[in-house]
Each structure stands twice: as C-alpha cells, then as structure tokens.
Chemist: 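This structure is in structure tokens; I'll ask about it shortly.
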Amino acid sequence: MLRTRFAPSPTGHLHVGGARTALFCWALARHSQGRFLLRIEDTDRKRSSESAGLGFCADLEWLGIDWDEGPEHGGSGGGETGPYWQSQRLELYGDHLSKLVEAGLAYPAFETPDELQSQRAKARAEKTAYRYDRAALNLDPKTVAAWIEEGREHVLRFKVPSGEIRIKDEVLGEVVVPNGELEDFVIRKADGYPTYHFAVVVDDALMGVTHVVRGQEHLNNTAKHLLLQEALGFEHPVYAHLSLIFNPDGSKMSKRDKDKALRSVVKERGIDTPPVDASGQPAVDPDQWDRWRSSKDHQLDLVDATSLAEALEIELPEIDVDDFRRAGYLPGVLVNYLALLGWSPGDDKEQFDRDFLCSHFSLDRVIKSPAKFDRAKLLAFNLDAMQELTPDEFHDLLADYCRAEHPEFLEHMDASTFRLFAAANQERSKTLLDPLQSGRFFIDPCEQLSWEPTKPVRKALLNGEPCGYDLLAELATRLEQVQWTSEALEAVVTGLAGERAGDKIGKVAQPLRIAVSGGTISPPIYDTLLILGRDRTLRRIALCLEARAALTAEAAS
RNA sequence: GACCCCAUCGUCUAGUCAGGUCUAGGACACCUGGUUUUCAUCCAGGCAACAGGGGUUCGAAUCCCCUUGGGGUCGCCA
C-alpha cells in the first residue's frame with residue numbers, strides 16, 4: 001500500500017510552501033487509496049515547540065487535510081508506527097546508530113562547532129569548497145576510547161562511501177550527485193539527538209513510507225538519505241521533489257519577508273507616521289504603528305500589513321496558512337490555488353474541490369519549474385467561491401469567522417440583524433473580512449460618526465439644487481412615519497427622487513448613504529437602513545445635518 | 001566559489017515525455033466599452049509569450065549542445 005507523509009519541523013507557522021507539500025502528499029495518498037501520515041520533526045530542541053506542532057495540526061485541519069496516522073488531533077491521527085513526535089523516538093534512533101557504529105559505518109568526531117566554523121571560514125576565504133577532513137577517523141582508537149571515557153562532547157559522523165549517487169525522482173527524472181560532493185555528515189548531535197538526515201531515514205523506513213514528496217531544497221539531501229538507507233539495509237522509497245514557491249519579486253519565500261519588505265520601504269522613504277490609504281484613513285492604527293516602529297521583533301498582523309502595503313503601493317511577499325484564515329479566505333480556495341502551483345489537471349479546468357484533486361492527482365503532472373505566489377488570482381478564486389455559496393452557507397461561515405476574529409459584530413447585532421448583514425454583503429465580498437472592514441459603521445456608536453469632506457462626499461451633499469443636505473432633511477421627515485420595510489423605504493426614496501431630483505435615485509440614495517455610514521461605501525441602501533433600524537438611521541441623519549455648517553465651511557476654505 | 005535544479009503572455013499554466021492538428025489555448029492581472037443608487041460585482045472586447053544562439057529533421061515551443069538568466073544546497077536547522 002502506498003504511504004506518504006508530511007514531516008514538518010514545528011517552528012513558527014505552517015507556511016504556504018509547506019502546505020502545498022502536505023497537500024500533494026495527501027492527494028497522492030488519497031488518489032491511491034493509500035495512507036497519509038503526519039510526523040513532527042522536533043529534533044531541534046532549541047527551536048521546536050509543542051505548541052507550534054499543535055498549530056501545524058490545526059492549520060492542516062483547517063485546510064481539510066486529514067491524516068491517517070500521526071499526532072491525535074480532531075478526527076485525525078493515531079496509528080501503529082508511532083510515536084509521531086521524533087523527540088519521543090530517541091531509543092529507536094539509538095538502536096540504529098549503534099548498528100552503524102558497530103559495523104564501522106559511523107564514527108565519533110570531537111571537533112567543536114567553533115573549530116568547524118573557523119575551518120569553514122578558512123575554506124571560504126581560499127574560495128574552495130569545505131568538506132570535513134575526516135581528522136577524527138584517523139585518531140588512535142585508544143585516544144578515542146579515552147576521550148569518550150572522560151565524557152568529551154562529540155558527534156557521530158557517517159562514513160560516506162565513494163562513488164556517484166543516482167537519485168531517481170518522479171518529478172525531475174534522474175539526478176546524479178558526483179563522487180566527492182558529500183562529506184562525512186553528522187548523524188547524531190552532541191546532545192544525543194539524531195540529525196534530520198538520520199531521523200528522517202529511520203522513521204520513513206520504520207513507518208513504511210513508500211513515497212517521499214518534499215520541497216526541492218531537499219534534493220541534495222536525498223543523496224545522503226540514499227546512502228544511509230543502504231547502510232541500514234532499508235529499501236529506498238520513491239522520491240518526488242517539488243519546485244519551490246517564490247515571492248512575486250522572485251526571491252524565496254521566508255517567514256519574515258512581509259515585515260522585512262515593509263520595514264525597508266518605510267526606512268527607505270523616511271516615513272515616520274502611518275501613511276493614509278485611498279479613503280484618507282491611516283493605513284495602520286497609530287498605536288500599532290508605534291509598537292511596530294519601536295521594536296523589530298514586533299511584526300504587524302496581516303490586516304495592518306496588507307493595508308500598509310496598499311498605502312505604500314508595494315506588494316507583500318509570502319504568507320502563512322493562518323494569515324489567510326485570518327484574512328477571511330476560504331480553506332477550499334487556498335487548497336485549490338495551492339494545488340495549481342505546480343500541478344494542473346491537464347485541461348482548462350482551474351477551479352475544483354478537494355475530491356476532484358484527489359481523484360485526478362498524479363505525480364507525472366507535477367511541473368518542474370518554480371512558481372510565484374499570485375495573491376490577485378487567489379483573491380479572484382475566493383470571490384468566485386463566495387458567490388457560489390448558498391446564503392445560509394455564507395451566513396454560517398461569516399458567523400464562524402466573526403466568532404473567531406471579530407466577535408464585536410455578533411455582540412452588536414441580534415441574530416436576525418446579523419442575517420440581514422450577511423445577506424446584504426455576500427455578493428460584494430471577496431473575503432469574509434471584507435464586509436467587516438467596510439461595515440464597521442454598522443456597529444460604531446452613532447456619535448462616533450464623522451463626515452470627512454472628501455470630494456465624493458462634498459459632491460453628494462453640497463452640489464445640485466436641491467443639494468444632498470436639503471434632500472436629507474426632507475428624507476428625515478418622511479422616514480419617521482414610514483414602515484421599516486425594504487418596500488416602504490424604497491417607496492420613500494424613489495418618491496422623493498421623483499419629486500425633487502428628476503427621478504435620479506442616486507441623488508437621494510447617496511446623501512442618505514453618507515449620512516448613515518459616514519462614507520460613500522455601503523451595501524445597497526435599503527439593506528443598509530434595514531440593518532441599522534429606524535432609530536439609528538434617523539439619529540445619524542440628524543447628526544449629519546447638525547454637521548452641515550461645519551462641513552460647508554470646511555469645504556469652502 | 002563548488003555541486004545541483006529550472007526556463008511558454010506581467011503571473012499561474014495547457015501544449016514538451018510519443019516533433020506536424022500551435023497563425024501557441026485557458027485563467028488571473030491590465031486596458032477599452034457597457035450594466036449598476038455607492039463600493040464590489042456582472043457582461044462584451046482587447047493587449048500580451050515559446051530567453052538567445054547553434055544543431056538534428058521535409059518539419060522544432062516540443063529532441064541535442066552552448067550561452068544567458070533565475071533558483072537551491074554547501075549547519076551539531078529541518
């Protein structure tokens with residue numbers, strides 16, 4: 001039976017590159033009725049954390065990628081070949097390490113990290129490639145025994161046999177690593193933990209992994225793994241190395257790229273205060289801005305980073321899976337888009353679900369060349385998927401999203417109002433976050449509203465005869481007496497438009513929109529009024545009219 | 001620097017393995033026009049690519065070589 005695995009090291013968050021690797025492993029297993037395993041590679045004691053490991057599980061679960069064996073999480077996990085955290089498998093590695101030492105295929109080495117560091121620096125200065133010089137292999141056995149006896153720190157190195165290595169890869173074809181390219185690499189660190197190379201080989205074998213699908217940054221490592229498998233008497237799994245995913249500018253994606261990009265632009269342009277966006281609002285909350293500027297360790301969250309990038313007119317590079325969740329993307333869409341980075345079903349079909357992926361996926365349609373991550377296309381896909389949801393599905397998704405990210409919307413709206421809010425926003429939302437960003441005015445207190453005299457606001461309120469303010473005043477009177485239904489409201493607006501504005505509904509609707517929202521953007525006007533209710537609508541119109549003199553004066557100056 | 005990988009519109013890609021059906025198809029972005037009470041949609045149309053050079057062949061986006069460009073690796077990180 002085909003068995004694949006995703007084996008992340010639990011530092012930070014699951015990155016889109018890692019997510020795509022996991023997706024391909026999963027799709028391959030599902031396609032072949034095989035098993036997909038998750039293994040946490042936490043052999044780096046300094047950097048790994050259990051919480052990060054759990055975070056990876058949560059990210060995969062959100063994406064809809066389930067695993068048959070691995071850490072137990074949600075409905076996934078369990079299995080006979082565990083434990084699935086490498087830090088709990090030390091004994092297993094110890095057994096295999098001993099075998100290699102006894103067979104003379106591995107040996108202790110006593111150089112300190114500092115010594116190795118300076119040797120490497122020397123090689124670099126001489127412009128030659130550094131390889132470990134096997135000094136420890138030439139040590140007198142008695143010396144070695146004595147040093148070990150006295151507890152001197154040492155690593156175990158694998159004695160690399162000579163000869164070229166042929167890697168058969170399902171994506172790249174055959175890759176040859178020439179003789180002499182590999183040094184005697186470390187397989188056990190001084191702290192007793194195995195290195196990645198050793199642990200991965202042992203675990204893949206013991207867990208019965210038949211297909212190793214991973215990023216191309218591992219291609220060179222594969223030669224080491226092949227050698228280790230032979231030394232340990234393991235079968236070679238099938239390998240498939242996936243091309244990397246790049247930032248739009250062509251550089252490799254890395255965890256801090258977003259922040260780095262923003263900081264360098266801000267520094268370069270000498271910007272001290274939050275830049276304003278297209279609507280004149282600060283792109284980043286001033287408090288957040290100050291925190292961010294004062295500490296290099298504090299990264300802006302995705303929302304702030306995105307709006308800052310827009311205000312600066314730069315494109316933001318990479319992103320974690322969790323960033324996309326928080327930014328209001330649908331998991332199925334992210335899965336769909338990620339699948340398209342390096343794979344396609346072969347015809348013009350681009351939008352598909354997980355089932356389609358599983359039934360059509362195969363390694364021979366995986367592309368060799370690297371891909372750049374295009375957020376605009378992802379966003380377009382998300383829009384399409386949002387439009388295809390039923391109103392109930394959209395409502396439920398939006399409610400879940402609010403609960404997790406913006407509970408204030410649920411606190412300020414009763415269930416039926418929230419339902420109206422969802423319905424009014426579905427067809428104009430590209431993400432679940434959109435209606436929340438553009439709809440803040442729904443939950444802000446009326447008194448907090450202000451009417452900035454931007455050009456479109458001035459035009460709608462001051463221009464024409466009668467002007468928007470005049471129409472608003474009339475509207476206030478009429479709305480007081482009308483029944484608060486979509487039909488009745490429409491009758492009032494169209495009626496007034498017919499009487500005073502030459503049937504131009506916009507002449508009435510736009511001042512009204514500005515009065516109740518503070519700006520020029522809102523859901524369709526009758527929906528907006530319904531969500532707001534009569535009291536707040538009238539209150540806001542009154543407040544807007546009170547501000548008339550000030551705005552008129554401001555506009556005149 | 002050494003070794004390795006990659007190369008079709010701005011981007012993701014189909015076509016490459018089995019050379020002709022490719023005056024190179026789709027999607028996103030962009031541009032133009034239209035619909036719309038704002039925003040977002042939506043509709044119609046348009047722009048746009050086989051990195052360069054050599055070879056093989058009746059015929060090359062497809063096969064081979066070189067160049068150029070991009071990327072990865074060279075850790076007691078994974």
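Side chains are part of it too, since the values below use all heavy atoms of this structure and drop only hydrogens, waters and symmetry mates. All values derive from a computational prediction rather than experimental measurement. Chain letters run A, B, ... following the sequence lines, proteins first and then strands; every chain starts at 1.
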Chemist: Could you work out the separation of A2(B) and C30(B) based on their C1' atoms and round it to a whole Å?
Modeler: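 Comparing C1' positions in A2(B) and C30(B) gives a spacing of 43 Å.
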
Chemist: Separation of Leu338(A) atom CG from U13(B) atom C1', in whole Å?
Modeler: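 Value for this atom pair: 15 Å.
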
Chemist: Looking at Gln216(A) and G72(B), is any side-chain donor or acceptor paired with a base atom of the opposite kind under 3.5 Å?
Modeler: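 No, the side chain and the base share no sub-3.5 Å donor-acceptor pair.
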
Chemist: Taking Thr11(A) for its side chain and Ser48(A) for its backbone only, find out whether a donor-acceptor pair lies under 3.5 Å.
Modeler: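 The answer is no, because no donor-acceptor pair under 3.5 Å joins these two groups.
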
Chemist: Please pick, from G1(B), A78(B), G10(B), the nucleotide with the shortest atom-to-atom distance to any side-chain atom of Ala129(A).
Modeler: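 Among G1(B), A78(B), G10(B), the one nearest the side chain of Ala129(A) is G1(B).
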
Chemist: Would you mind checking if Glu181(A) and Lys224(A) are paired as a salt bridge, meaning a charged N to carboxylate O distance below 4.0 Å?
Modeler: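 No, this pair does not count.
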
Chemist: By nearest atom, which of the nucleotides C4(B), C12(B), U38(B) is closest to the Glu350(A) side chain?
Modeler: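 Minimum distance to the Glu350(A) side chain belongs to C12(B).
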
Chemist: Whole angstrom is fine here: how far is it from CG in Asp348(A) over to C1' in G15(B)?
Modeler: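 Distance, rounded to whole Å: 11 Å.
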
Chemist: Is the backbone of Ser522(A) close enough, under 3.5 Å, to the side chain of Arg428(A) for a donor and an acceptor to pair up by distance?
Modeler: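 Pair found, side chain donor or acceptor close to backbone of Ser522(A).
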
Chemist: Can you find a side chain N or O atom of Ser438(A) that sits less than 4.0 Å from OP1 or OP2 on C39(B)?
Modeler: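 No, outside the criterion.
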
Chemist: Does C50(B) pair with anything, Watson-Crick or G-U wobble, both distances under 3.5 Å, and if so, with which nucleotide?
Modeler: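 Checking every strand shown, C50(B) finds no partner, since no pair has both distances under 3.5 Å.
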
Chemist: Which residue, Ile521(A) or Gly346(A), contacts RNA chain B at a nucleotide closer to its 5' end, judged by nearest heavy atom?
Modeler: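 Comparing both residues, the 5'-ward one is Gly346(A).
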
Chemist: In whole Å, what separates the P atom of U67(B) from that of G1(B)?
Modeler: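 Straight-line distance between the two P atoms is 14 Å.
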
Chemist: Within this structure, what is the CG-to-P distance between Leu226(A) and C4(B), rounded to whole angstrom?
Modeler: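 Rounding to the nearest Å, CG of Leu226(A) and P of C4(B) are 16 Å apart.
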
Chemist: Across all strands shown, which nucleotide pairs with C63(B) by Watson-Crick or G-U wobble geometry, both distances under 3.5 Å?
Modeler: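 Because both required distances fall under 3.5 Å, C63(B) counts as paired with G55(B).
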
Chemist: Looking at every strand, decide which applies to Gln387(A) at a 4.0 Å heavy-atom threshold: base, sugar-phosphate, or nothing.
Modeler: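 Touches nothing.
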
Chemist: Please measure how far the C1' atom in C17(B) lies from the corresponding atom in C63(B), and state the result in whole Å.
Modeler: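 Rounded to whole Å, the distance is 11 Å.
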
Chemist: Taking the C1' atom in each of A49(B) and U11(B), what is the distance between them to the nearest angstrom?
Modeler: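 Going atom to atom, C1' in each nucleotide, I get 12 Å.
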
Chemist: Which is true for Arg365(A) with a 4.0 Å heavy-atom rule: it touches a base, it touches only sugar-phosphate, or it touches nothing?
Modeler: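 Sugar-phosphate: the residue Arg365(A), judged by heavy atoms under 4.0 Å, touches backbone atoms but no base.
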
Chemist: State whether the distance check finds a donor on one side and an acceptor on the other, under 3.5 Å, for side chain Lys377(A) versus base C12(B).
Modeler: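 Answer is yes: a donor-acceptor pair is held.
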
Chemist: Looking for any heavy atom pair under 4.0 Å, which part of the strands does Ile367(A) touch: base, sugar-phosphate only, or nothing?
Modeler: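 The answer is sugar-phosphate, as Ile367(A) gets under 4.0 Å only of primed atoms, P, OP1 or OP2.
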
Chemist: Just the rounded figure in Å: distance from P of A78(B) to CG of Leu228(A).
Modeler: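 Atom-to-atom, Leu228(A) to A78(B), this comes out as 14 Å.
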
Chemist: Let's test this: given Watson-Crick or G-U wobble pairing with both distances under 3.5 Å, identify the partner of A7(B).
Modeler: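 For A7(B), the partner nucleotide comes out as U68(B), under the 3.5 Å rule.
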
Chemist: Under 4.0 Å: is that the gap between some side-chain N or O of Thr43(A) and OP1 or OP2 of A78(B)?
Modeler: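 For Thr43(A), the contact criterion (side-chain N or O under 4.0 Å from OP1 or OP2 of A78(B)) is met.
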
Chemist: For Ile167(A) and U73(B), what is the distance between atoms CD1 and P respectively, to the nearest whole Å?
Modeler: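 Atom CD1 in Ile167(A) sits about 15 Å away from atom P in U73(B).
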
Chemist: For Asp364(A), answer base if it contacts any base atom (sugar-phosphate contacts may also be present), sugar-phosphate if it contacts only those atoms, and nothing otherwise; contact means non-hydrogen atoms under 4.0 Å.
Modeler: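 Nothing, no nucleic acid heavy atom in range.
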
Chemist: Name the orientation class of the two ring planes belonging to Phe110(A) and His154(A) (parallel below 30°, tilted from 30 to 60°, perpendicular beyond 60°).
Modeler: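 Plane angle between 30° and 60°, so tilted.
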
Chemist: Would you kindly give the CG-to-C1' distance between Leu363(A) and C17(B), to the nearest whole Å?
Modeler: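 Those two atoms, CG and C1', are 15 Å apart.
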
Chemist: How is His241(A) classified with respect to the nucleic acid when contacts are heavy atoms under 4.0 Å: base, sugar-phosphate, or nothing?
Modeler: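 Since no nucleic acid heavy atom lies under 4.0 Å of His241(A), the category is nothing.
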
Chemist: Using 30° and 60° as the class boundaries, would you call the ring planes of Phe352(A) and Trp343(A) parallel, tilted or perpendicular?
Modeler: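 Rings of Phe352(A) and Trp343(A): perpendicular, over 60°.
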
Chemist: Check every strand shown and say whether Ser344(A) touches a base, only sugar-phosphate, or nothing at a heavy-atom separation below 4.0 Å.
Modeler: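 Sugar-phosphate contact only - Ser344(A) comes under 4.0 Å of backbone atoms but never of a base.
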
Chemist: What nucleotide among C6(B), C28(B), C76(B) has an atom nearest to a side-chain atom of Ala380(A)?
Modeler: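 Nearest to the side-chain atoms of Ala380(A), counting from C-beta on, is C28(B).
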
Chemist: Any sub-3.5 Å donor-acceptor pair from Asp184(A)'s side-chain atoms to Val160(A)'s backbone N or O?
Modeler: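 Such a contact is found between Asp184(A) side chain and Val160(A) backbone.
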
Chemist: Using the side-chain heavy atoms of Phe381(A), tell me which of these nucleotides is nearest: A78(B), U38(B), A27(B).
Modeler: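 That would be A27(B).
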
Chemist: What's the gap between U8(B) and G26(B) when it is taken at their C1' atoms, as a whole Å value?
Modeler: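 U8(B) and G26(B) have their C1' atoms separated by 13 Å.
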
Chemist: Judged by each residue's nearest nucleotide on RNA chain B, which is more toward the 5′ side, Glu41(A) or Gln351(A)?
Modeler: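 So the residue in question is Gln351(A).
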
Chemist: Between Phe421(A) and Phe442(A), what is the ring plane arrangement, given parallel below 30°, perpendicular above 60°, and tilted in between?
Modeler: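 Ring orientation, 0 to 90° scale: perpendicular.
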
Chemist: Show me the side-chain donor-acceptor pairs of residues 465-474 of chain A shorter than 3.5 Å, one per line, residues at least two apart or across chains.
Modeler:
residue	atom	partner	partner atom	Å
Asp470(A)	OD1	Arg548(A)	NH1	3.1
Asp470(A)	OD1	Arg548(A)	NH2	3.3
Asp470(A)	OD2	Cys467(A)	N	3.4
Glu474(A)	OE2	Arg478(A)	NE	2.8
Glu474(A)	OE2	Arg478(A)	NH2	3.2

Chemist: Which is true for Pro113(A) with a 4.0 Å heavy-atom rule: it touches a base, it touches only sugar-phosphate, or it touches nothing?
Modeler: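 Touches a base.
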
Chemist: Can a donor-acceptor pair be found, under 3.5 Å and without considering hydrogens, that links the side chain of Lys368(A) to the backbone of Gly173(A)?
Modeler: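 Not confirmed, Lys368(A) side chain does not pair with Gly173(A) backbone.
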
Chemist: Could you check whether Pro8(A) gets within reach of a base, just the sugar-phosphate, or nothing at all, counting any heavy atom under 4.0 Å?
Modeler: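 Nothing, no heavy atom under 4.0 Å.
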
Chemist: State whether Arg120(A) places a side-chain N or O below 4.0 Å from either non-bridging phosphate oxygen (OP1 or OP2) of G75(B).
Modeler: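 Indeed, a polar side-chain atom of Arg120(A) lies that close.
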
Chemist: What integer number of Å spans the C1' atoms of U56(B) and C9(B)?
Modeler: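 It comes out at 29 Å once rounded to the nearest Å.
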
Chemist: Which part of the nucleic acid, if any, lies within contact of Pro456(A), taking any heavy atom under 4.0 Å across all strands shown: a base, the sugar-phosphate backbone alone, or nothing?
Modeler: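 Contact class for Pro456(A): none.
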
Chemist: Rounded to whole Å, how long is the line connecting atom NZ of Lys372(A) with atom P of A27(B)?
Modeler: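 Going from Lys372(A) (NZ) to A27(B) (P), I get 22 Å.
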
Chemist: Is Arg131(A) near enough to G1(B) that one of its side-chain N or O atoms lies under 4.0 angstrom from OP1 or OP2?
Modeler: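 No, outside the criterion.
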
Chemist: Mind calculating the distance between CG (Asp503(A)) and C1' (U36(B)) to the nearest angstrom?
Modeler: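 Spelled out: CG on Asp503(A) to C1' on U36(B) is 16 Å.
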
Chemist: Tell me what Ala190(A) touches on the nucleic acid: a base, only sugar-phosphate, or nothing, going by heavy atoms under 4.0 Å.
Modeler: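 Base contact.
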
Chemist: Expressed in whole Å, how much space separates the P atoms belonging to U41(B) and U32(B)?
Modeler: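 It comes out at 16 Å once rounded to the nearest Å.
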
Chemist: Side chain of Ile505(A) only, heavy atoms from C-beta on: which candidate in G75(B), C5(B), U37(B) is closest?
Modeler: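 Of the candidates, U37(B) comes closest.
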
Chemist: Counting only side-chain nitrogens and oxygens, does Lys430(A) get under 4.0 Å of the OP1 or OP2 atom of U41(B)?
Modeler: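 Yes.
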
Chemist: For Val176(A), which contact category applies under a 4.0 Å heavy-atom criterion: base, sugar-phosphate, or nothing?
Modeler: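 Sugar-phosphate: the residue Val176(A), judged by heavy atoms under 4.0 Å, touches backbone atoms but no base.
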
Chemist: P atom, C43(B) versus A60(B): distance in rounded Å?
Modeler: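 It comes out at 41 Å once rounded to the nearest Å.
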
Chemist: Under 4.0 Å between any heavy atoms, over every strand shown, what does Phe110(A) touch: base, sugar-phosphate, or nothing? Just pick one.
Modeler: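 No contact at all - Phe110(A) keeps every heavy atom at 4.0 Å or more from the nucleic acid.
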
Chemist: Using a 4.0 Å heavy-atom cut-off, does Glu217(A) contact any base of the nucleic acid, only the sugar-phosphate backbone, or nothing at all?
Modeler: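 The residue Glu217(A) makes sugar-phosphate contact but no base contact.
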
Chemist: Assign the ring pair Tyr337(A) / Phe381(A) to parallel, tilted or perpendicular, where the plane angle (0 to 90°) is split at 30° and 60°.
Modeler: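 Rings of Tyr337(A) and Phe381(A): perpendicular, over 60°.
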
Chemist: Which is true for Gly180(A) with a 4.0 Å heavy-atom rule: it touches a base, it touches only sugar-phosphate, or it touches nothing?
Modeler: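 Nothing, no nucleic acid heavy atom in range.
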
Chemist: Give a yes/no on whether any side-chain N or O of Lys189(A) is located under 4.0 angstrom from OP1 or OP2 of A78(B).
Modeler: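 Checking A78(B) against Lys189(A), a side-chain N or O does come within under 4.0 Å of OP1 or OP2.
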
